[in-house]
Amino acid sequence: MTDTLNKTAAANAPINDTRKAELLSKQVKHIDITSFDARPIVDAMADMSFTSRDLGRATKIYNDMLADKDCTVCLVIAGSTSAGGCMDLYAELVRNNMVDCIVATGATIVDMDFFEGLGHKHYQALEIPDDDTLRSLYIDRIYDTYIDEEALQNVDHTIFEIAESLEPKAYSSRAFIREMGKYLVEHGKKDNSLVKLAYEHDVPIFCPAFVDSSAGFGLVKHQVDRAKAGKPYLLLDAIADFRELTQIKIEAGTTGLLMIGGGVPKNFIQDTVVCAEILGHEDVAVHKYAVQITVADVRDGACSSSTLQEAASWGKVNTGIEQMVFAEAGSVMPLLASDAYHRGHWKDRAKRGWAKLFA
């Protein structure tokens, strides 16, 4: 009981601004894949063994996706690599026509990218004190990375403002995220925002669990306030997400998956093949290319750790052109992306502009 009372008192105490400033003193710097050429090291790693060789083959597969004139490339992101320093990397892929569609967690899109698009930052944890101390300072922790909770609440309120400005009807997450991109064009503080660039380049972003993020708080407030006032409110249509993403798969034909992490985004994009078949498009091919970078252990049988070979048994992925890379994505994605950027297959790619399907 005493411990509980102490924690409650700490949470209600005034914030120590000096201590908070000390802990939020070193910003995370996002890596610039255009500033170095990873081709020599990736080529060398391809002649090694273990994870190095896996990364070399995965990088080749991604380059093959970009070189394939018929291939639509889907970037799939789960986990916290955006907060950890890969945010500009993903933005560069969109800017240079290296991805055509994105499926991600709400945290990646809202709490990390949109968060920085509004001018906020992520910080390196130079020390990790007791987490109750962090709570008393309104600092949220992602392993060794800090977020200012007061800044994150600005995201909640901004999502609320966007929802309030829209016609009260059903939206897919793609449609709502497009409005977020439009907001950043008009009010954003950062050019290298994935959400902003995707809006500008007609690259659709889907978040199948969108409200599992700061967006959820803002949208709940929107609905509650509207309901109290007896007014109609905005809804999110998860079925529309699945239908729209499946429509892209049907229209695209040949597809390749570049997947960071697993979870709902991974299964969501893979399931489009099965959904297309159920809709009567039996000629829709499985995803031709697939790369997954993960640290998930395969032994627990969970979907997040299921291999791409396993996905083939479900009729989702081609077993011939796939590669699992068991590594922390922040340590290998910069190499893969820099290699692909400097090989330059993206320079000859046709721009898909899949978001225009839903205009």
Side-chain angles (χ1 to χ4, degrees), residues 62 65-77 90-104 106 108-110 113-114 117 162-163 165-167 169-188 191-208 210 215 234-259 265 268-273 275-276 279-281 283-285 287-289 345-359:
Y62 180 47
M65 295 184 210
L66 296 175
D68 187 333
K69 305 295 185 184
D70 297 323
C71 183
T72 284
V73 179
C74 300
L75 174 66
V76 184
I77 314 172
Y90 298 135
E92 207 65 53
L93 298 185
V94 172
R95 177 180 286 110
N96 293 295
N97 195 32
M98 298 170 74
V99 296
D100 307 300
C101 175
I102 299 168
V103 183
T108 293
I109 298 304
V110 185
D113 185 87
F114 189 69
I162 293 172
S165 72
L166 298 177
E167 180 185 351
K169 63 177 185 179
Y171 293 79
S172 65
S173 67
R174 174 208 56 80
F176 191 86
I177 294 167
R178 182 169 175 79
E179 295 296 333
M180 292 165 56
K182 182 179 178 181
Y183 182 93
L184 289 180
V185 169
E186 299 171 357
H187 307 288
D191 290 333
N192 250 14
S193 162
L194 185 66
V195 173
K196 175 177 177 287
L197 287 166
Y199 170 80
E200 293 174 329
H201 291 266
D202 289 316
V203 174
I205 300 176
F206 295 87
C207 287
F210 187 52
L234 176 152
L235 296 168
L236 286 182
D237 187 347
I239 300 171
D241 276 337
F242 199 14
R243 171 174 50 80
E244 290 179 357
L245 191 59
T246 300
Q247 185 178 350
I248 290 175
K249 172 57 183 168
I250 293 168
E251 298 283 342
T254 303
T255 47
L257 309 179
L258 175 59
M259 299 187 287
F268 198 65
I269 185 64
Q270 290 186 150
D271 272 348
T272 56
V273 178
C275 190
L279 292 176
H281 298 271
D283 58 335
V284 170
H287 297 295
K288 182 177 180 179
Y289 308 92
H345 295 301
W346 53 272
K347 296 176 182 177
D348 300 319
R349 294 188 78 232
K351 192 170 184 177
R352 268 64 179 180
W354 287 120
K356 294 178 181 177
L357 269 180
F358 315 107

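Computed from a predicted structure; not experimentally measured.
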Hey, can you pull the donor-acceptor pairs under 3.5 Å for the side chains in residues 195-204, sequence neighbours left out?
residue	atom	partner	partner atom	Å
Lys196	NZ	Glu200	OE2	3.1
His201	ND1	Lys351	NZ	3.1

With no hydrogens and no angle check, just 3.5 Å: does a side-chain donor-acceptor pair link Thr255 and Lys249?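 Yes - a donor-acceptor pair under 3.5 Å links their side chains.
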
Without hydrogens or angle criteria, can the side chains of Asp237 and Ser172 be said to hold a donor-acceptor pair below 3.5 Å?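 The criterion, which ignores hydrogens and geometry beyond distance, is not satisfied for Ser172 and Asp237.
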
If you define the side chain from C-beta out and look only at heavy atoms, does anything of [X] sit under 4.5 Å from [Y]?
X	Y	value
Phe206	Ile248	yes
Gln270	Leu257	yes
Pro208	Val103	yes
Trp354	Thr72	yes
Val76	Phe268	no

Who pairs with Arg352 by salt bridge (Lys or Arg N to Asp or Glu O under 4.0 Å), at least two apart in sequence or on another chain?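 Not a single residue meets the salt bridge (Lys or Arg N to Asp or Glu O under 4.0 Å) criterion with Arg352.
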
Between [X] and [Y], what is the shortest heavy-atom contact and its length?
X	Y	result
Cys207	Ser173	N-OG, 3.0 Å
Asp113	Ser193	OD2-OG, 2.8 Å
Phe242	Thr246	O-OG1, 2.8 Å
Ile250	Ala276	CG1-CB, 3.8 Å

Asp70: side chain to side chain contact (heavy atoms under 4.5 Å, CB included) partners, not counting sequence neighbours: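 For Asp70 the side chain to side chain contact (heavy atoms under 4.5 Å, CB included) partners, ignoring immediate neighbours, are Asp68, Thr254.
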
Side-chain donor-acceptor distances from residues 91-101 under 3.5 Å, at least two apart:
residue	atom	partner	partner atom	Å
Glu92	OE1	Arg95	NH1	3.3
Glu92	OE2	Asn96	ND2	2.9
Arg95	NH1	Asn192	OD1	2.8
Arg95	NH2	Asn192	OD1	2.6
Asn96	ND2	Glu92	O	3.0
Asn97	ND2	Arg349	O	3.3
Asp100	OD1	Arg349	NH1	3.2
Asp100	OD2	Val73	N	2.7
Asp100	OD2	Arg349	NH2	2.7

Does Thr108 reach the main-chain N or O of Ala104 with its side chain, forming a donor-acceptor pair under 3.5 Å?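 Here the side-chain-to-backbone pair does not exist.
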
From [atom1] ([X]) to [atom2] ([Y]), nearest 0.5 Å:
X	Y	atom1	atom2	value
Ile109	Leu194	CD1	CG	5.0 Å
Leu66	Cys71	CG	SG	8.0 Å
Leu258	Met65	CG	CE	6.0 Å

Considering the options His287, Gln247, Glu244, which one meets the side chain to side chain contact (heavy atoms under 4.5 Å, CB included) requirement together with Thr272?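 Exactly one pass, corresponding to His287.
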
Residues two or more places apart in sequence or in another chain: which of them pass ring-ring contact (aromatic ring centres under 6.0 Å, His included) with Tyr171?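 By the ring-ring contact (aromatic ring centres under 6.0 Å, His included) rule, Tyr171 matches no residue at all.
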
Listed pairs under 3.5 Å, donor-acceptor, residues 175-188 side chains, sequence neighbours left out:
none

